[in-house]
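Numbered from 1 within each chain, the chains take letters A, B, ... in sequence-line order. Atom set for the values below is all heavy atoms of this structure, side chains included, hydrogens, waters and symmetry mates excluded.
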Amino acid sequence: MSEQIRVRFAPSPTGPFHIGGARSALFNWLLARKYSNGKFVLRVEDTDRVRSSKESEENIKASLKWLGLDWDEGVDVGGEYGPYHQMERLELYKKYAQQLVDEGKAYYCYCTEEEIAAEREALMKENKMPIYQGHCRHLTADQIEKYKSEGRKPTIRFRTPENETVEFDDMVRGHMQFDSNGVGDFVIVKADGIPVYNFAVVIDDALMNITHVIRAEEHLSNTPRQVVLYDALGFTVPVFAHISLILGKDHSKMSKRHGATSVEQYKNLGYLPEALVNFLALLGWAPQDEKEIFSIDELIKAFSMDHVAKNPAVFDIDKLNWLNAQYMKKLSTKKITMMAVPHLLEKGYLNEPIAADEMAKLVRFTEIIRDHLSYGAQFLDFADLYFNDDIVVEDAESKQILTDETVPSVIGLFKEKLNGIADFDAEHIQPIFKQITKELKVGGKKVYMPVRISVTGQMHGPDLAGIIEVLGRERVFDRIEKVLPAL
RNA sequence: GGCGCCUUCGUCAAGCGGUUAAGACACCGCCCUUUCACGGCGGGUUCAUGGGUUCGAAUCCCAUAGGCGUCACCA
């Protein structure tokens, strides 16, 4: 590919940035970055006046930046093909729509939405393709006058050529062919003068010299409409690549029911952008070797549209968790602590300002639990362990363990030994357990379990000596006393 | 319903006419360990079904089934 690669991501700002959109953006970005002269363009398709919002646009841009997907041209940064908001390009669409009308390739349609809906319904009933039947295709001047006098505002419809085969190439699916009779005359400009998606994309992609259009598979059926427009307008058709959808666990399209769907949600849950990017890249694309973990630079190097899968992919949160954990291992404990702090503040475990010594203890605690964490918010699963001294033993087996006849002597000796050490740290606490097993001649479990349960309320958890260290002698004794008041 | 896309372990997937059908996540077992987690080792009737083509098919062709998308004055 010696020509310049120009790709774009063109979201409509109608909601939080979806994970599927993020993958589309990533694939485009990866392709642009793979070639030294590649350009990644960000265009905002805000022609849906009802649903578009500035807030959504900001969310999308913030998410892209967080993921590290920077754009060379587009909104905010500008470029020679601007403007990059479709609502600022209305004149352009108007000009091309007029051109099509003048050439007889498009016409005004005075049908109302109700009439169209009724027509479609009737066709569906007859098992026919629900396409526009061409009522306004050849209106006389009189008819037009009549409609105008009724106050009808026309849309502009494209006069789709009949009995033709519409063809285009798709990097993922191969050569595609559609019957133009299945396309029908579709609206290109709404009654309010705003262009419809299929019309605006074509003009924008053509005028912005986009060479490759990588987008979700849901656009595949729309592509013939766009191809006939490219032809009518005399534009060069770009190379398409329709990547498959991302599905939820039940194989339906990802939605709120499946948990977090927006990039922002993953960010807030404490996932790392590198991990999310890595995961998204592996959804629908497979490397040539057996590598699983890719830095962004490695991804750019390894990525290729040749190995993009055709079939839809189920979003597997388990794998994301694993990947994220791999990336978290590389982080300093301090960093992981900082990831947890917002959650701790939100849940009321912490209050601002956080004192330096409190912070230091928190970091030490994080060091003890960090191996148990797949993402930041999971810290909350361990927060009670550290912050909540009101230990409650709920589990039946745990209660049972505390009734063992050796418990009183074990706990007694444990307290005695704990009192006896000079340096209150895990290194000095750890040997105590061994000493007790020896002196009392009981098994390790008989020692560890009563202590663990009375100190944490749980049978399982992170390193016990470490927990005891961060809690400090007083809190440990306090907890034991609450659980075993008799001792 | 028409049109279109898709179909290899539970999930992501390698595979492009001849392989013991990779690998990863998850799961199960074992080891490590006071426990859990981490880590290590090991395990699993995976080519939707039915027809072809071929000496030979997960790979090519055709049907069927299922899943999904799309048929908007949404993108």
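- Between A:Trp285 and A:Phe294, the distance from one ring center to the other falls under 6.0 angstrom.
- Counting non-hydrogen atoms of neighbouring residues, nucleotides and ligands closer than 6.0 angstrom, the NZ atom of A:Lys291 exceeds 12 such neighbours.
- For A:Tyr197 and A:Tyr93, the ring centers are positioned 6.0 Å apart or more.
- As judged by a 4.0 angstrom heavy-atom cut-off over every strand, A:Asp289 is placed among residues making no nucleic acid contact.
- Residue A:Leu464 is in base contact, counting any heavy-atom pair closer than 4.0 Å across all strands shown.
- Nucleotides B:C36 and B:C28 are separated by 13 Å at their P atoms, to the nearest Å.
- With both pairing distances under 3.5 Å, B:G44 is matched to nothing as a Watson-Crick or G-U wobble pair.
- Side-chain rings of A:Phe382 and A:His372 approach one another, their centers coming within less than 6.0 Å.
- Each of A:Lys291 and A:Leu247 was assigned the nucleotide of RNA chain B with the nearest heavy atom; the assignment lying further toward the 5' end belongs to A:Lys291.
- Atoms NE2 (A:His307) and C1' (B:C16) sit 10 Å apart, rounded to a whole Å.
- The pairing partner recorded for B:C68 is B:G4, the criterion being a Watson-Crick or G-U wobble arrangement whose two distances lie under 3.5 angstrom.
- Across all strands, A:Ala191 comes closer than 4.0 Å to base atoms (heavy-atom distances).
- In this entry the distance linking NE2 of A:His251 with C1' of B:C12 reads 11 Å, nearest Å.
- Within the 4.0 angstrom heavy-atom criterion, only backbone atoms of the sugar-phosphate kind lie near A:Gly284; the bases stay farther away.
- The distance from atom CZ of A:Arg173 to atom C1' of B:G4 is 10 Å, rounded to the nearest whole Å.
- Residue ring and base: A:Trp322 does not count as stacked with B:C25 (centre distance below 5.5 Å and interplanar angle below 30° not both satisfied).
- Summarising the geometry, the separation between CD on A:Glu218 and P on B:C71 is reported as 10 Å, rounded to the nearest angstrom.
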